[in-house]
Amino acid sequence: MSYYHFKPPGLQTYIFLKYYYQNSTKSILLQELTMFKDKNEILRITKTNQLKPVDSSNKNEQQIIDNVEKLFNDHFSGKLVDLFTEIQKLKVDLDLKTKYKSEFAFKVLESLVNIKPGETTSYYEIGTQIGSKAYRAIGNACKSNPIPLIVPCHRVLKKNGEIGGFMGKNSDIEWETNLKRELLTLEGAKL
DNA sequence: ACGCGCGTTCTAA
DNA sequence: TTAGAACGCGCGT
């Protein structure tokens with residue numbers, strides 16, 4: 001398993017990608033996208049999981065990774081890229097079926113991919129869309145989203161307009177919600 | 001501020 | 001493995 005990380009312009013956040021390079025198809029199987037506020041966490045993770053950095057001697061792998069980084073950089077510098085659609089044009093396999101752990105989580109996350117940059121939805125709205133009133137469970141399904149930003153769980157707000165949580169895996173809740181707000185502001189969403 | 005509903009995860013048998 | 005308790009990016013009152 002390999003990794004790559006970068007910091008988009010105007011964001012105080014590292015984006016960390018975990019992936020397999022598949023030689024047979026010359027494509028990348030994206031395992032996970034994570035966001036960190038400092039490099040130390042990345043260092044710790046790459047060590048404990050024994051991840052290897054991008055194989056820069058592999059021209060094709062390096063090219064795909066470069067393209068992916070450019071996609072994110074474009075988005076965060078104001079181009080408002082539909083990451084979910086565009087990343088799949090770069091020989092990146094999101095492998096959604098194995099990522100969604102249950103039918104319920106599948107429905108929730110699948111309903112998010114249609115939310116474009118600048119748009120928002122709510123947990124309630126997702127509930128009516130998939131025929132469920134398990135609003136907190138919907139939140140938990142978003143929390144288990146292995147590829148945030150690409151599957152845009154940050155575009156889900158509370159029904160009453162409050163920002164709601166984000167990721168929920170970090171101990172620093174304030175950093176997470178600030179990041180969510182920052183992402184939405186960058187996309188021009190109104191809060 | 002409290003109680004609730006409900007999928008998922010944790011825990012104890 | 002299995003019941004049941006506990007837990008949440010929420011909602012309604």
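All of these numbers come straight from a predicted model, not from anything done at the bench. Just so we're on the same page: letters track the sequence lines, and every chain starts at 1.
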Q. Is there a side chain to side chain donor-acceptor pair (under 3.5 Å) between A:Tyr19 and A:Glu61 once you walk through the steps?
A. CA-CA 11 Å; A:Tyr19 68 93; A:Glu61 175 179 344; 2.6 Å; yes

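A donor-acceptor pair under 3.5 Å is absent between the side-chain atoms of A:Glu32 and the main chain of A:Pro146, judged by distance alone. Looking at A:Lys159, its side chain never comes within 3.5 Å of a backbone N or O of A:Ser122 through a donor-acceptor pair. A distance-only check finds no donor-acceptor pair linking the side chain of A:Lys97 to the backbone of A:Phe106 [under 3.5 Å].
Using a 4.0 Å cutoff on non-hydrogen atoms, the parts of residues 94-108 of chain A near DNA chain B are A:Ser102, A:Phe104, ordered by number.
For A:Asn178 and A:Glu182, the side-chain atoms include no donor-acceptor pair closer than 3.5 Å. Looking at A:Glu187 and A:His154, their side chains do bring a donor and an acceptor atom within 3.5 Å of each other. In this model, a donor atom of one side chain and an acceptor atom of the other lie less than 3.5 Å apart for A:Ser27 and A:Gln22. For the residue pair A:Asn58 / A:Gln62, no side-chain donor-acceptor distance below 3.5 Å is found, with atom types taken as modelled. With hydrogens and angles left out, the side-chain atoms of A:Tyr4 and A:Glu69 include a donor and acceptor closer than 3.5 Å.
Contact of the A:Ile147 side chain with the A:Leu109 side chain is not registered, since no non-hydrogen atoms from C-beta on lie closer than 4.5 Å.
Residue contacts shown for A:Ala137 include a base, since a base heavy atom lies under 4.0 Å away. Residue contacts shown for A:Tyr123 include a base, since a base heavy atom lies under 4.0 Å away.
In this structure, A:Lys18 forms no cation-pi arrangement with A:Tyr3, as its terminal cationic atom is not both closer than 6.0 Å to the ring centre and no more than 45° off the ring axis.
Nucleotides of DNA chain B nearest to A:Lys133 and A:Ser144 differ in position, and the one nearer the 5' end is that of A:Lys133.
Bracketed by its first and final contacts, the part of DNA chain C lying under 4.0 Å from non-hydrogen atoms of chain A reaches from C:dG8 to C:dG12 in 5' to 3' order.
The strand DNA chain B forms stems, runs of 3 or more Watson-Crick or G-U wobble pairs with distances below 3.5 Å, at B:1-4 with C:10-13, B:6-13 with C:1-8.
Glycosidic conformation, B:dC4: anti, with the torsion outside 90° of 0.
Straight-line distance from the OH atom of A:Tyr135 to the P atom of B:dG3: 21 Å, rounded to whole Å.
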